[in-house]
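Report on one structure; see the data block that follows.
Every chain is numbered from 1 and lettered A, B, ... according to where its sequence line falls, protein lines coming before strand lines. Being a predicted model, the structure only gives us computed values, none of them experimental.
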Amino acid sequence: MGPQPAAAYVLHAFARTAVSQVSRDQPTPGFTQNRGARHYPDFLKPKDQIVLLSDIAAVVRAAPSFQPTMPRTGKPFSVAMTNCGPLGWVSDTKGYRYQAQHPRTGQPWPALPKRLMDIWRAVAGSASEPEACLINFYSATAKMGSHQDRDEADFSAPVVSISLGDTAKFHVGGPKRTDPKTRYELCSGDVFVLGGEARLAFHGIDRIHAGTSALALEEIELGCRRINLTLRRVTAG
DNA sequence: GAGTAACA
DNA sequence: TACC
């Protein structure tokens, strides 16, 4: 069996009325940009975060979290995931790909919640509508190794990432794995956009700062401390 | 190499 | 950095 499904976590988190904001080194108006990588701190207010969690709860009810594995080796990822939208990103021993059905239930992915479409429209400029939202569930010890998002047919649209729960140490490099990295702390409610020059930048999650958000503190026993939503355009359009 | 383990 |  894989890790605990994240559904219970999401449902309980929604029931809470408070999402604490972590103190920051610097209050940042608007966003900061570095070669197409844009960081929007506090893009979602606490109330927006809670309402978005209700959307995620509905998604997970229809599409339970699953444990992806590495191509070839079959080694499991430390994160659990699910998807919503017409297409979902999956990984197993056969490789990385987008597909229209949940790998375990065989059902189509749930629709993209309107609130996610609204976030996309607010930060993705003139790009076509997103087709996939990958939802990653991070435990206190989960990480995401440095990688590129390159399984899409269309790189003209940006990748839009939304953070909920505990703060994560995030890095963004360049199109080569060895390019120098910039590090960010991604807090609950932050939005991060990889577009333009940064669309194919290597990026990853180095660590989770467990206990930095009341959202995640409620569900220590289930192990999920952070949720990341990644919106993507997959097909040319 | 969207993984881990071992290393200095 | 090595692994398979």
note: A:Met81, atom CE; B:dG3, atom C1'; distance rounded to Å ~ 12 Å
Identify whether any heavy atom of A:Asp92 sits under 4.0 Å from a base atom; if not, whether one sits that close to sugar-phosphate; answer base, sugar-phosphate or nothing.
nothing
Side-chain donor-acceptor pair under 3.5 Å between A:Ser161 and A:Asn228, yes or no?
yes
Rounded distance in Å - CG (A:Asp206) to C1' (B:dG3)
15 Å
For a quick check of understanding: with a heavy-atom distance under 4.0 Å over all strands, which category does A:Arg72 fall into, base, sugar-phosphate or nothing?
nothing
Ring centroid separation A:His203 to A:His171 under 6.0 Å:
no
B:dG1 C1' sits how many Å from A:Gln148 CD, rounded?
12 Å
Pairs in or reaching into residues 105-117 of chain A: which pass salt bridge (Lys or Arg N to Asp or Glu O under 4.0 Å), with residues at least two apart or in two chains?
A:Asp55-A:Arg115, A:Lys114-A:Asp118
With sequence neighbours excluded, residues passing ring pair (Phe, Tyr, Trp, His ring centres under 6.0 Å) with A:His102:
A:Phe66, A:Trp109
Could you check how far NE2 of A:His147 sits from C1' of B:dG1, rounded to whole Å?
12 Å
With heavy atoms under 4.0 Å as the rule, sort A:Thr69 into base, sugar-phosphate or nothing.
nothing
Give the ring-plane orientation class for A:Tyr184 versus A:His39, where under 30° counts as parallel, over 60° as perpendicular and anything between as tilted.
perpendicular
Mind running side-chain contact (heavy atoms from CB on, under 4.5 Å) on A:Thr235 and A:Leu87 for me, showing each step along the way?
CA-CA 10 Å; A:Thr235 66; A:Leu87 292 169; 4.3 Å; yes
Dot-bracket assigned to DNA chain B with the 3.5 Å Watson-Crick/G-U criterion, [ ] for crossing and | for other-strand pairs, is |.|||...
Expressed in angstrom and rounded to an integer, what is the separation of A:Met144 atom CE from B:dT4 atom P?
10 Å
Without decimals, in angstroms, what is the distance between A:Asn136 CG and B:dG3 P?
10 Å
A:Lys176 NZ to B:dG1 P: how many Å, rounded?
15 Å
Below 4.0 angstrom, N of the basic side chain to O of the carboxylate: do A:Arg233 and A:Glu129 qualify?
no
Heavy atoms under 4.0 Å, any strand shown: does A:Asp149 hit a base, just sugar-phosphate, or nothing?
base
To the nearest angstrom, the CE-C1' distance between A:Met70 and B:dA5 comes to 14 Å
